[in-house]
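Below is one structure, written out as structure tokens, with a few remarks after it.
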Amino acid sequence: MKQLSVAIDGPAGAGKSTVARQVAKQLGLIYVDTGAMYRAITWKALTHGVDLTHEETVTQMAQRTDIRLSTDIKGSDVWVDGTTVTEEIRSPEVTAHVSTIAGQSKVREVLVDKQREMGRKGGVVMDGRDIGTHVLPDAEVKVFLTASIEERARRRYQEMIRRGYEVDLEELKEEIGLRDEKDKNREHSPLRPAEDAIHLDTTGLSIDDVISRILHLCRTNLGGEE
Ligand code: CDP
Ligand code: CDP
């Protein structure tokens, strides 16, 4: 059977990583969380006191950084230069700064090369902002996931509380809205749906509903190829 490539893009809190991981698991594909890579570089820059606005320095640092993502069933562990940073890269501080780094074209080139290498043979579910438009433009299945900002903020709020952070729902909503605006309006590979992406508004849909709709798209595609 053909090795499928699945691109899942959309704004923060749309459910991309949750559903992408499950879709990968059910189809026996590798899951690649590209947002974790931008977060990993942001974490390293903050930890080493690197000026995040200095593109040349951040790019050189990115070139020298060994980022590993677990592609196993849990699929959420991240290592930077051999150190586990799974929790650290999801901190509010990293979240507040990640769009700055993600706006830099040279840094993006370094990470996109790594992502394309991971997706070279297919057999991958990759989620992010520019997967269908730029990283894997030939992906057989492209999904653009959205949900209302209220719903996305509520989801992220519950997740942060579960992980032990004290957060304010209104502040979180504002932070997500600002990050979305930056991601949509940046010059290089902005957040936007690919022309051939299927749009899926997940407001009011359960995680299982979304997974089964994407699995259906994947199976239809595989069936059509046989
Ligand atoms: O999980 P959440 O949606 O909050 O964010 P993420 O997927 O971990 O991505 C964090 C940030 O990385 C995004 O807000 C984008 O600025 C950037 N990003 C990107 O520019 N391109 C990607 N393919 C993935 C993430
Ligand atoms: O990756 P992205 O930022 O798009 O979203 P996520 O991290 O997968 O999902 C954010 C939170 O929303 C997680 O805690 C999910 O469990 C939850 N979620 C949900 O409640 N309903 C959905 N349909 C999808 C995700």
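Fair warning: this is a prediction, and the values are worked out from it, not measured in the lab. Both counts, for ligands and for their atoms, begin at 1 and track the order of listing.
When each atom of ligand 1 is checked for a heavy atom of Asp183 under 4.0 Å away, the hits are 13 (C), 14 (O), 15 (C), 16 (O). Which parts of ligand 1 touch Asp130 is read off a 4.0 Å heavy-atom cut-off, strictly below it: atoms 21 (N), 22 (C), 23 (N). Atoms of ligand 1 lying under 4.0 Å from any heavy atom of Gly35, numbered from 1 in the order shown and given with element: 6 (P), 7 (O), 8 (O), 9 (O), 24 (C), 25 (C). Which parts of ligand 2 touch Pro11 is read off a 4.0 Å heavy-atom cut-off, strictly below it: atoms 4 (O). Ligand 1 places these atoms under 4.0 Å from at least one heavy atom of Arg179: 2 (P), 4 (O), 5 (O), 10 (C), 11 (C), 13 (C), 14 (O). Close approach of ligand 2 to Ser206 (heavy-atom distance below 4.0 Å) involves ligand atoms 23 (N). Heavy-atom proximity to Glu159, at under 4.0 Å, picks out these atoms of ligand 2: 7 (O), 10 (C), 11 (C), 13 (C), 14 (O). Within the listing of ligand 1, atoms 16 (O) sit less than 4.0 angstrom from a heavy atom of Ser99. Contact atoms of ligand 1 toward Ala102: 16 (O), 17 (C), 20 (O) (distance under 4.0 Å to a heavy atom of the residue).
Remark: side-chain polar atoms of Asp81 are paired, donor with acceptor, to backbone N or O of Asp66 under 3.5 angstrom. Judged by distance alone, with hydrogens and angles left aside, the side-chain atoms of Ser99 form no donor-acceptor pair with the main-chain N or O of Lys182 at under 3.5 Å.
Of the options Met126, Lys142, Lys16, a side-chain contact (heavy atoms from CB on, under 4.5 Å) to Ile8 is made by Lys16 and by none of the others. Partner of Glu117 under the salt bridge (charged side-chain N to carboxylate O under 4.0 Å, His left out) criterion, chosen from Lys121, Arg120, Lys114: Arg120. Among Arg156, Arg39, Glu175, the one residue that satisfies the side-chain hydrogen bond (donor to acceptor under 3.5 Å, both in side chains) test with Thr95 is Arg39. Each of Asp180, Thr202, Thr146 was checked for a side-chain hydrogen bond (donor to acceptor under 3.5 Å, both in side chains) with Arg152, and the lone residue meeting it is Asp180.
Arg108 and Gln104 are not linked by any side-chain donor-acceptor pair at a separation below 3.5 angstrom, with hydrogens and angles left out of the test. Side-chain contact annotation: Ser206 with Asp208, donor-acceptor N/O pair under 3.5 Å absent.
Considering backbone and side-chain N/O atoms, Gly13 comes within less than 3.5 Å of an N/O atom of ligand 2. In terms of polar-atom proximity, Ser17 is counted as a contact of ligand 2, with an N or O under 3.5 Å from an N or O of the ligand. At least one N or O atom of Ala14 sits closer than 3.5 Å to an N or O atom of ligand 2.
Neither the backbone nor the side chain of Ala147 comes within contact range of ligand 2; no heavy atom lies under 4.0 Å. Under 4.0 Å from ligand 1, the heavy atoms of Arg39 that appear belong solely to its side chain. Only the side chain of Arg156 comes within 4.0 Å of ligand 2, judged by heavy-atom distances. Contacts between Arg162 and ligand 2, counted as non-hydrogen atom pairs separated by less than 4.0 Å, involve the side chain only.
Among protein heavy atoms, the minimum distance from atom 16 (O) of ligand 2 is reached at Ile207 CD1, 3.6 Å. Closest to atom 15 (C) of ligand 2, if we only count protein heavy atoms, is Thr18 OG1, 3.5 Å. Atom 24 (C) of ligand 1 has Thr34 OG1, 3.4 Å as its closest protein atom, hydrogens excluded (heavy atom only). Counting only heavy atoms of the protein, atom 18 (N) of ligand 2 lies nearest to Arg155 CD, 3.6 Å. In terms of protein heavy-atom proximity, atom 23 (N) of ligand 2 is nearest to Leu205 O, 3.3 Å.
Taking 4.5 Å as the limit, some side-chain heavy atom of Cys218 sits within range of a side-chain heavy atom of Val6. A heavy-atom distance below 4.5 Å is not found between the side chains of Val124 and Tyr31.
Shown here is His216, whose NE2 atom has no more than 12 heavy atoms of other residues, nucleotides or ligands within 6.0 Å.
Residue Lys16 places a heavy atom less than 4.0 Å from ligand 1. Ligand 1 lies within reach of Arg108, whose nearest heavy atom is under 4.0 Å from it.
To the nearest 0.5 angstrom, Tyr38 atom OH is 11.0 Å from Ile101 atom CD1.
The option from Arg152, Arg129, His97 that lies nearest to atom 5 (O) of ligand 1, judged by heavy atoms, is Arg129.
Residues Leu69 and Trp79 approach most closely at C-CZ3, 4.3 Å, considering heavy atoms.
Remark: Arg129 does not engage Asp9 in a salt bridge, criterion side-chain N to carboxylate O under 4.0 Å.
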